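For reference, the structure discussed in these notes is given below.
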Amino acid sequence: MSSVPPAQPAERTAHGRVWLITGASSGFGQAITEAAVTAGDTVVAAARRPEALDALAAAHPDRVIPVALDVTDPARISAVVAEVLLWYGRIDVLVNNAGRGLIGAVEESTDRELRDLMELHFFGPAALTRAVLPQMRHQGSGAVVQMSSMGGRFSFPGVGAYSATKFALEGLSEALAQEVAPFGIKVLVVEPGAFRTGFAGGGALQQSAAIPAYEETVGPVRSGLPGSDGKQPGDPAKAAAAILTALDAEHTPLRLVLGNDAVDGILGHLDAARAQALAWESIGRGTDFED
Ligand code: NDP
């Protein structure tokens with residue numbers, strides 16, 4: 001076990017497991033919050049505007065505790081995790097869910113846009129994960145859920161920047177899962193397709209300034225993604241239920257693919273990647289030293 005001292009005595013009573021969920025004010029974050037509470041657990045629901053969670057908190061007194069957290073603020077991450085540990089003495093499930101879309105060709109995406117999205121999808125979740133691990137190692141249990149995307153497994157025109165941030169999160173998480181398994185801690189990377197959340201809505205989705213030369217490749221995504229708003233096939237409540245099922249399984253998978261579009265896309269990508277690796281296998285195997 002780690003040498004981390006136990007957290008201070010709990011100041012609040014936890015019902016069931018204690019969850020810390022980022023971006024809990026909308027979409028997947030809200031759906032996972034509702035599913036966890038329904039399962040009898042307690043959720044510290046983190047949001048940039050915690051007042052957006054007032055109704056949910058009022059409906060579940062002592063079960064949904066809204067806190068203010070912008071996941072791109074490292075000082076605030078430390079303060080929130082310390083506060084939750086003071087309240088309950090533990091965090092059982094961290095859900096790194098906060099995120100947003102960005103559409104743009106690689107040439108169209110600015111350095112600022114890339115760095116901002118990396119802060120949101122990679123450095124924030126990495127900091128939160130680091131912050132909860134000492135206590136999880138000490139308690140000998142816990143789970144970290146990383147909301148990635150089918151775009152975290154493969155990419156296509158217009159979503160290179162978004163995919164880069166999710167690929168980064170997935171790489172970190174694949175290693176993390178193996179590092180923390182001996183401490184009884186699970187890591188679950190979730191890869192949804194198109195789900196009916198606020199994601200594709202005008203307020204959340206960002207677009208890089210367009211270069212006309214990319215109209216043919218990126219244009220369809222620029223109009224198609226916002227056009228899908230409210231019509232996506234995926235149901236966030238069913239996604240939340242699937243996440244809880246995977247977490248509660250004896251053998252929790254590292255990756256959970258959600259939605260028919262994501263299952264089709266990822267299986268197709270895996271087949272194509274394997275076929276390409278095999279087609280170039282002999283060339284690759286011929287590059288070692290003879291000794
Ligand atoms: P929503 O827009 O409905 O929810 C996103 C949430 O993230 C909001 O609560 C938003 O808060 C929050 N958020 C954004 N930026 C920050 C920040 N800096 N700090 C804290 N919270 C922030 O979309 P989804 O529920 O769909 O998105 C959740 C996750 O799911 C994301 O990581 C996304 O990449 C992923 N995903 C979504 C898919 C989909 O089709 N819906 C597909 C694949 C992956 P605020 O209201 O303050 O903006």
Side-chain angles (χ1 to χ4, degrees), residues 20-35 43-54 56 66-77 80 94-103 113 115-125 127-128 145-156 159 161-170 173 188-206 221 224-240 242-243 255-263 265-266:
L20 173 58
I21 302 177
T22 68
S25 55
S26 172
F28 284 126
Q30 187 181 326
I32 298 167
T33 299
E34 288 170 349
V43 178
V44 177
R48 286 193 290 193
R49 295 168 294 105
E51 62 276 14
L53 287 151
D54 282 353
L56 201 56
V67 296
L69 176 63
D70 182 326
V71 303
T72 64
D73 180 346
R76 186 69 194 138
I77 285 173
V80 165
L94 166 68
V95 184
N96 280 312
N97 164 75
R100 65 173 162 78
L102 172 66
I103 300 175
E113 287 169 338
R115 289 178 190 278
D116 285 351
L117 205 59
M118 202 57 103
E119 290 289 345
L120 177 57
H121 289 164
F122 180 75
F123 289 109
L128 270 152
V145 179
Q146 313 282 37
M147 288 304 288
S148 178
S149 166
M150 68 177 172
R153 283 294 273 288
F154 65 91
S155 200
F156 49 87
V159 298
Y162 178 82
S163 281
T165 63
K166 297 294 191 181
F167 273 52
L169 180 65
E170 293 220 4
S173 303
L188 176 66
V189 176
V190 183
E191 300 175 325
F195 274 71
R196 212 168 297 173
T197 67
F199 185 81
L205 188 63
Q206 293 197 347
V221 183
L225 193 50
S228 72
D229 188 30
K231 300 190 282 260
Q232 301 96 328
D235 178 346
K238 290 184 179 173
I243 290 167
R255 290 181 168 90
L256 178 66
V257 186
L258 298 177
N260 283 296
D261 52 351
V263 172
I266 288 175

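Fair warning: this is a prediction, and the values are worked out from it, not measured in the lab. Both counts, for ligands and for their atoms, begin at 1 and track the order of listing.
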Considering heavy atoms of the protein only, find what lies nearest to [atom] and give residue, atom and distance to 0.1 Å.
atom	answer
atom 39 (C) of ligand 1	Phe195 N, 3.7 Å
atom 26 (O) of ligand 1	Thr197 OG1, 2.6 Å
atom 42 (C) of ligand 1	Gly193 O, 3.0 Å
atom 9 (O) of ligand 1	Ser25 OG, 2.8 Å
atom 18 (N) of ligand 1	Asp70 OD1, 2.9 Å
atom 36 (N) of ligand 1	Tyr162 OH, 3.7 Å
atom 28 (C) of ligand 1	Asn97 OD1, 3.1 Å
atom 3 (O) of ligand 1	Ser26 OG, 2.5 Å

Indicate, as side chain, backbone, both or neither, the part of Lys166 found under 4.0 angstrom from ligand 1 when only non-hydrogen atoms are considered.
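Answer for Lys166: side chain.
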
Side chain, backbone, both or neither: Leu69 near ligand 1, heavy atoms under 4.0 Å:
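Backbone only.
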
Quick one: does [X]'s side chain have a donor or acceptor within less than 3.5 Å of a partner on [Y]'s backbone?
X	Y	value
Arg100	Ala200	no
Lys238	Gly234	no
Lys166	Met147	yes
Gln206	Ala204	no
Thr22	Asn97	yes
Thr72	Leu120	no

Ring centroids only, cut at 6.0 angstrom: are Tyr162 and Phe199 within range, meaning strictly under it?
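Yes - the distance between ring centres of Tyr162 and Phe199 falls below the 6.0 Å cut-off.
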
So for ligand 1, is [X] a polar contact partner (N or O within less than 3.5 Å, distance only)?
X	result
Ala194	no
Gly23	yes
Ser149	no
Ala24	no
Phe28	yes
Arg48	yes

Side-chain heavy-atom pair Leu102, Glu113 within 4.5 angstrom cut-off
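Answer yes - side chains close enough.
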
For [atom], state which one of [options] supplies the nearest heavy atom.
atom	options	value
atom 5 (C) of ligand 1	Gly198, Gly151, Gly99	Gly99
atom 35 (C) of ligand 1	Pro192, Ser148, Pro50	Ser148
atom 13 (N) of ligand 1	Ala98, Pro236, Gly101	Ala98

Do you know the tightest heavy-atom contact between [X] and [Y]?
X	Y	value
Asp229	Thr197	OD1-O, 3.9 Å
Leu53	Ala45	CD1-O, 3.6 Å
Val80	Ala68	CG2-O, 3.8 Å

Measure the distances from the heavy atoms of Arg49 to every atom of ligand 1 and state whether one is below 4.0 angstrom.
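Per 4.0 Å heavy-atom rule, Arg49 contacts ligand 1.
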
When you measure from the heavy atoms of Glu191 to every atom of ligand 1, does any distance fall below 4.0 Å?
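No.
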
Does Glu170 come within less than 4.0 Å of Arg255, counting only side-chain N to carboxylate O?
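The answer is yes: the pair qualifies as a salt bridge.
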
Would you kindly say whether Ser173 and Gln146 are connected by a side-chain donor-acceptor distance under 3.5 Å?
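Note: Ser173 and Gln146 side chains meet the donor-acceptor criterion.
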
Which of the ligand 1 atoms, numbered from 1, are nearer than 4.0 Å to a heavy atom of Gly27:
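Going through ligand 1 atom by atom, the ones under 4.0 Å from Gly27 are 3 (O), 25 (O).
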
For ligand 1, which atoms have a heavy atom of Leu120 less than 4.0 angstrom away?
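Result: 15 (N), 16 (C), 17 (C), 18 (N).
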
With sequence neighbours excluded, what pairs up with Phe123 under the ring pair (Phe, Tyr, Trp, His ring centres under 6.0 Å) test?
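By the ring pair (Phe, Tyr, Trp, His ring centres under 6.0 Å) rule, Phe123 matches no residue at all.
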
